[in-house]
Amino acid sequence: MTHKSRFSVFIASMFVSSSLLSACAASASPESAIKPDPESVQTDFATCVINLQQKAKVAGISQHIIDTTVANLKYVPRVIELDNQQPEFTTTFGDYFEKRVTPWRVEQGRKMMAKHHDLLTKLTHEYGVPGQYIVAFWGLETNFGSYKGNMPVLDSLATLACDPRRSDYFTGELLQALKLKQQYQFDDSKMVGSWAGAMGHTQFMPTNYRKYAVDGDGDGIADLWNSEADALTSAANFLQHLGWQADERWGREVLLPSNYSFEYLGSKSTLPLSQWHALNIKKTNGQAISTPDMQAALYLPAGHTGPAFLGYANFNVIMRWNRSEFYAISVGHLADRINGAPALSRAVPKQPRLSRDIVKQLQVKLNEQGFDVGKPDGILGRNSVLGLQGFQKKHGLIADGFPDAKTFDKLGIKL
């Protein structure tokens, strides 16, 4: 999802959130929400639609579209339900990764590379983005176009625009969607996508659609729903604008030395490759990493018992598409696999999902022991990881910032 961190979805969370949907994450706890009266909701929505008609007029939307589309926008309760949902449990890296980097996706990705060989070669030359990355994004976003969402985009965006929590953002996206409709004369029924308004093969939000969509097949319309050429070209264009570095990979899986101190870990500890070389970080085949003039950060999405990754500049570009380290690692590794690389050298360990309540308990304990992680919220973000590392170092544990069983035991928390 284009637009689709927090250390990774670890734990959905351990550094989470599309290019498209990152703006659609955190919401009020559903347990504490008071269910509104349906009749009053419809009344408020009707009033909001009148205001949206005025905003559409100011934005340059034709009176015809205002009268036939904006005036007839519908409230979709399911959109608000999905927007307010918070998972009771966090997602482990293993759960996330194994559902996304699958043998089927690797095989299908290779088929799509062959199918679109000429186009992808052209895109690599014009935009600097190798085809396997474009195809990997496509695979993660919509299973290569097999599922692009079925929610009415205009109604969904209007529903969110009329909800006070993020009204300004979604009002802007709705106006951009209406401009798309006006520009390309899209039928309302054709404009379907995710509940948050992401559209087409590459799940672009309307703003990104208008900024970065490209007519790749030359028919005069940038149609991300029905044209694979348009979608792949648009993805390449978007990645280039996000800062993709031509002739550089996304990162790589690496091996850590047995005496690694975990002093440098995560996006805030970026070092030159020469320094990672000096720290004895190696390729998975045991060879020393090369040392071009590049920066990298070390990621341990499943803690020290799982695979380790160095992320380069293009890792950060992937993160601008979707603010999740889990997502970035999955895209990068899927691209490698599509391009013929083997599976991870170190298996992803099976780890229990943690409830948000348990994570809150962990945060409370860390705060009590002098490791300030902020207000306990059940999400393992950067402050929580740094606090965990400090606690682990103090108590002689492996300081990888990962909440394993030994750490919980030392904190006095029963799983």
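In this structure, Phe97 has its ring center closer than 6.0 angstrom to the ring center of His333. Aromatic pair Phe309/Phe315: ring centres not closer than 6.0 Å.
Classified by interplanar angle (parallel below 30°, tilted 30° to 60°, perpendicular above 60°), the ring pair Trp276/Tyr260 is tilted. The aromatic rings of Phe93 and Phe326 lie perpendicular to each other, with more than 60° between the two planes, well past the 30° mark.
No side-chain N or O of Thr121 forms a donor-acceptor pair with one of Asp118 less than 3.5 Å apart. Counting only N and O atoms by type, the side chains of Gln295 and Thr270 include no donor and acceptor under 3.5 Å apart. For the residue pair Asn322 / Ser324, no side-chain donor-acceptor distance below 3.5 Å is found, with atom types taken as modelled. If you check the side chains of Lys74 and Asn72, you find no donor sitting under 3.5 Å from an acceptor. Remark: the Gln361 side chain and the Asp357 side chain contain an N/O donor-acceptor pair separated by less than 3.5 Å. With no hydrogens or angles considered, a side-chain donor-acceptor pair links Thr207 and Glu173 at under 3.5 Å.
Residues Lys365 and Phe391 have side chains not in contact (no heavy-atom distance under 4.5 Å, counting atoms from C-beta outward).
Between the side chain of Lys181 and the backbone N or O of Phe186 there is at least one donor-acceptor pair closer than 3.5 Å. Listed for the Arg356 side chain is no donor-acceptor partner under 3.5 Å among the backbone atoms of Thr90. Remark: the backbone N or O of Ala302 is paired with a side-chain donor or acceptor of Gln351 at under 3.5 angstrom. Arg105 places a side-chain N or O within 3.5 Å of a backbone atom of Arg100 that can act as its donor or acceptor partner. Distance alone, capped at 3.5 Å, is enough to place a donor-acceptor pair between the Asp230 side chain and the Gly216 backbone. Formation of a donor-acceptor pair under 3.5 Å by the Thr284 side chain with backbone atoms of Glu253 is not found in this model. At distances below 3.5 Å, not a single donor-acceptor pair connects side-chain atoms of Asn237 with backbone N or O atoms of Ala213.
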Show your reasoning for whether side chain to side chain contact (heavy atoms under 4.5 Å, CB included) applies to Tyr312 and Leu273. CA-CA 9 Å; Tyr312 306 151; Leu273 280 176; 3.8 Å; yes

**Asked** Between Trp104 and Asn143, is a side chain to side chain contact (heavy atoms under 4.5 Å, CB included) present by the stated rule, with each step listed?
**Response** CA-CA 10 Å; Trp104 180 87; Asn143 259 349; 3.5 Å; yes

**OP:** Give the C-alpha distance, both sets of side-chain angles, the deciding distance and a yes or no for side chain to side chain contact (heavy atoms under 4.5 Å, CB included) between Leu255 and Ser345.
**Re:** CA-CA 9 Å; Leu255 300 178; Ser345 68; 4.2 Å; yes

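Across all non-hydrogen atoms, the minimal contact from Ser227 to Asp217 is OG-OD2, 2.8 Å. Between Leu265 and Leu298, the closest heavy-atom pair is CD1-O, 3.6 Å.
For Gln108, there are no side-chain hydrogen bond (donor to acceptor under 3.5 Å, both in side chains) partners at least two apart in sequence or on another chain.
A salt bridge does not link Arg252 with Asp336: none of the charged nitrogens is closer than 4.0 Å to a carboxylate oxygen. Looking at Arg78 and Glu81, a side-chain N of the basic residue comes within less than 4.0 Å of a carboxylate O on the acidic one, giving a salt bridge.
For Lys190, the NZ atom counts as densely surrounded, since its 6.0 Å shell holds more than 12 non-hydrogen atoms of other residues, nucleotides or ligands.
Separating the CG atom in Leu388 from the CG atom in Leu362 is a distance of 5.0 Å, to the nearest 0.5 Å.
Just one residue in the list Phe238, Trp225, Trp138 forms a ring pair (Phe, Tyr, Trp, His ring centres under 6.0 Å) with Phe204, and that residue is Phe238.
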